[in-house]
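This chain uses plain numbering: 1 for the first residue, then up along the sequence.
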Amino acid sequence: MNRHRKKKAKAKRAAIVRLPVRPVKSAPKCVRRRPRSESGELLRTRAEAEAAIAEARRSHERLREAIDILPEGIVFLDAEGRYILWNKKYAEIYSRSADLFEPGARLADTIRIGVERGDYPEAAGHEEEWIAERLARMHQPGARHEQQLADGRVILIEERLTSDGGVIGLRVDITELKQREASFRLLFESNPVPMIVCALDGERILAVNDAAVEHYGYSRAEFEKLTVRSLQAFDGELPWNGNEQQTYTCKHVRADGELIDLTIYSRRIVHGGQPAVLLALMDTTERRRAEARLAFMAQHDSLTGLPNRDLLRRQMDDMLLHTRRGTDKLAVMVLGLDNFKAVNDTLGHGVGDKLLRAVAKRLRSTLRDEDAVARLNSDEFAIVQRGVTRPEDAVLLARRLLDALADPFLLDEHSVAIGASIGIAVSPGDGDDSEKLLKHADLALSRAKQDFRGTFSFFEAEMDARAQSRRKVETDLRNAIRNDLLQPYYQPLVDLANGRITGFEALVRWPDPERGMIAPSEFIPVAEETGLISAIGGMMLRRACRDAALWPDDVRVAVNLSPLQFRAGNLLALVMDALKQSGLAARRLELEITETLLLEKSSQVLATVHALRALGVRISMDDFGTGYSSLSYLRSFPFDKIKIDRSFVQEVDANQGAQAIIRSIVSLGKGLGVTITAEGVETEAELRCLRAEGCDEGQGYLFSGARPHAEIMALLKAQRGLIGEGDRGRAA
């Protein structure tokens, strides 16, 4: 029987993968051959077709590389349920059936062969019904279901229909999740609550369960000689007399003499025909200890044991209340470690944690008992000095603290040298409450780090003014985003060979009704720091695609992308949605990324870039040469364009070093087959030099500044008119 099934399965697989080949009929004699003069045109047409096929194959390979990175199994089926494409994870999940996967093979046949071979034990006994149900679910978008394989693994299946009637299938191995759920149920069921049944009249123990025997340490025979009152640590009345049910807390004594805290739930029952009480005993000893630990942790840093910000503020409020009754002042210092990130990056977080504990120990030993120290965040500490009568008192302590941290730390056989900077605020002049003093000391710390690390700085009123100004920019920017006040302006990209506009770069502009046009240098850094750049980037992408859809078909639009947009994880969907909603062809969209993004070396970033290229979108490296440019980036990332930073373009006609750099970049671009665009072109001399070096495109004020969309439409209309007149002149 088994041999017969194997032959039958083998025959079916052969029927799946071996498609019939139809003989090619010869052309009828009546068909006229093309004249010999058309042979060149036929060759060109064939070359173009072959090039298109080659590009399609490359796009297919890029798509395969992108989906192979994904941790889930992915499969693409056509409208007839035939395999088109699948990734490595999909083949790994169905390793027993992977030999059946071939383009053109039907999923239905693969399932049927797998059922016959026993790959799906859950189908045993009702094979046809199981197969029919599985295939029906394939065309129900969003209907998730689970599937058990012969080796015991459990797979979560989700399938979605495509616009052409095909299917995209997602497979996730949830075996480990299922095992954890089973372990949790087993753990819960095998650890019942300890229970005792005692007589209502004499409190004598009548019965106990296994959990009670184990928990108290008494044998069942010993329990029969005890009363509930004898288990209590302290004398007292039992609360259940006269009550049907009751909840109370008390302390009991175990057989080994240990005291335990209990919450007891009592209920009157009938046991052996006699009135009795059932006691369910919840041991809360560890919970009470944990509550005590949590109370400590809620007010202290878990790594260093120092007070945290909340406890420090309460301590400061008490100190400030005391200073108001006298003449002494309070000095608040925020201390930041200068090189802590370098220690974490080079020696690891384990050494970094030990360093923080060692720093906390040195700070404590430097302070008096009446002073306070706390850890605020990763590498910042706060020190509160009492009894300050003059600023010099704070200066002396700040210097002692800096000296204490200047000596190297010996950690895991590493000698770690780390400096610190300190910001100081003094009450009541710099603030009369804890929050304001900490805020002003933090601003002073920023000044100390900005001016010269390893020193201290006192708070000044101008620092707060700058911080308030930044806060206002953030608030106004949020309102501008909410009210759709930000607009894309477009700066032309010009072909240096013929002077034609080939595209426009979309640049965000903020026209304010009261303050006029707000400079990007004023709000872009705030947007980056607060994460608002993602919302702005998405808004500009949608607007730019919508505007560009109105331009001539040969004019592209370039949009800058922030690294934060890649980290959000939805960039591919955002681009696809913008193209779909606007109707803009993907080949007309150019996305500009910076070298900062490449430093992360993230597989997610690489997969996203390849997926964008697979859509047909062009990828450009912005500001090339200003950061950490590496030839390996150009090899691992699929760039279509390199943009030379404006710092190399300025005065290129008079600077031989800049000329050499531009010549090298242009030569590199020609070798890689990518477009080279020069940014910041402002003079005719720069333009002549760039043309001489073979640069492809230029962008800058020499051609035009950034303009609103209405002016761009007029500019394109004028260009079409000039081109039309030129064509007529050539025709004449």
Salt-bridge contact E158-R160 (side-chain N to carboxylate O under 4.0 Å): yes

What are the two closest heavy atoms between I383 and L397, and how far apart are they? CG2-CD2, 4.2 Å

Please list, chain by chain and in numerical order, all residues satisfying ring-ring contact (aromatic ring centres under 6.0 Å, His included) with F340, sequence neighbours excluded. none

If you compare all heavy atoms of S266 against all heavy atoms of L279, which two are closest, and at what distance to 0.1 Å? CB-CD2, 3.5 Å

Quick one: does D301's side chain get under 4.5 Å of T304's, heavy atoms only? yes

May I ask you to say whether D99 pairs ionically with R117, meaning some side-chain N is under 4.0 Å from a carboxylate O? yes

Are M138 and L107 packed together at the side-chain level, in the sense that at least one heavy-atom pair is separated by less than 4.5 angstrom? yes

I want to check something: taking the side chain as every heavy atom from C-beta on, are V172 and I155 in contact at a cut-off of under 4.5 Å? no

Among pairs that include at least one residue of residues 288-314, which meet ring-ring contact (aromatic ring centres under 6.0 Å, His included), considering only residues two or more places apart or in two chains? F296-H300

Going by an N to O cut-off under 4.0 Å, is there a salt bridge joining E291 and R288? no

Of all pairs that satisfy salt bridge (Lys or Arg N to Asp or Glu O under 4.0 Å), the ones with a partner from residues 302-318, not counting sequence neighbours: R313-E435

Passing candidate, salt bridge (Lys or Arg N to Asp or Glu O under 4.0 Å) with R134, options E129, E128, E159: E159

Taking salt bridge (Lys or Arg N to Asp or Glu O under 4.0 Å) as the definition, give me every residue that meets it alongside E65, ordered by chain and number, with sequence neighbours left out. none

Partners meeting salt bridge (Lys or Arg N to Asp or Glu O under 4.0 Å) with D379 (sequence neighbours left out): none

Please name all residues satisfying side chain to side chain contact (heavy atoms under 4.5 Å, CB included) with A398, sequence neighbours left out, ordered by chain then number. M333, I422, I424, F456

Partners of F76 by ring-ring contact (aromatic ring centres under 6.0 Å, His included), sequence neighbours excluded? none

Just checking H145: does its NE2 atom have more than 12 heavy atoms from other residues, nucleotides or ligands closer to it than 6.0 angstrom? yes

Does some side-chain heavy atom of I157 sit less than 4.5 Å from a side-chain heavy atom of R171? yes

Does anything in residues 215-227 form a salt bridge (Lys or Arg N to Asp or Glu O under 4.0 Å)? List the pairs, not counting sequence neighbours. D210-R220

Tell me, please, which residues at least two apart from D151 pass salt bridge (Lys or Arg N to Asp or Glu O under 4.0 Å). R153

With Y120 via ring-ring contact (aromatic ring centres under 6.0 Å, His included) - residues at least two apart: W130

Closer than 4.0 angstrom, basic N to acidic O: yes or no for R368 and D371? yes

Could you report the tightest heavy-atom contact between C250 and I264, atom names first, then the distance? SG-CD1, 3.6 Å

For E122, which residues count as a salt bridge (Lys or Arg N to Asp or Glu O under 4.0 Å) partner, sequence neighbours excluded? none

Going by the angle between their ring planes, with limits at 30° and 60°, are F101 and Y83 parallel, tilted or perpendicular? tilted

For residues 409-425, pull every pair meeting side chain to side chain donor-acceptor pair (under 3.5 Å), keeping only residues two or more places apart or in separate chains. D338-S421, K354-D412

Any side-chain heavy atom of L337 sitting closer than 4.5 Å to one from L356? yes

Any salt bridge linking K88 with E92? Criterion: basic side-chain nitrogen under 4.0 Å from a carboxylate oxygen. no

Give the intermediate values and the outcome of side chain to side chain contact (heavy atoms under 4.5 Å, CB included) for residues L231 and Y216. CA-CA 10 Å; L231 293 176; Y216 278 86; 4.3 Å; yes

L445 and E380 have their tightest heavy-atom pair at CD2-OE2, 3.5 Å

May I have the step-by-step check of side chain to side chain donor-acceptor pair (under 3.5 Å) for D119 and S97, ending in yes or no? CA-CA 8 Å; D119 293 346; S97 303; 3.1 Å; yes

For the residue pair L437 and G431, what are the closest heavy atoms and their distance? CD2-O, 3.5 Å

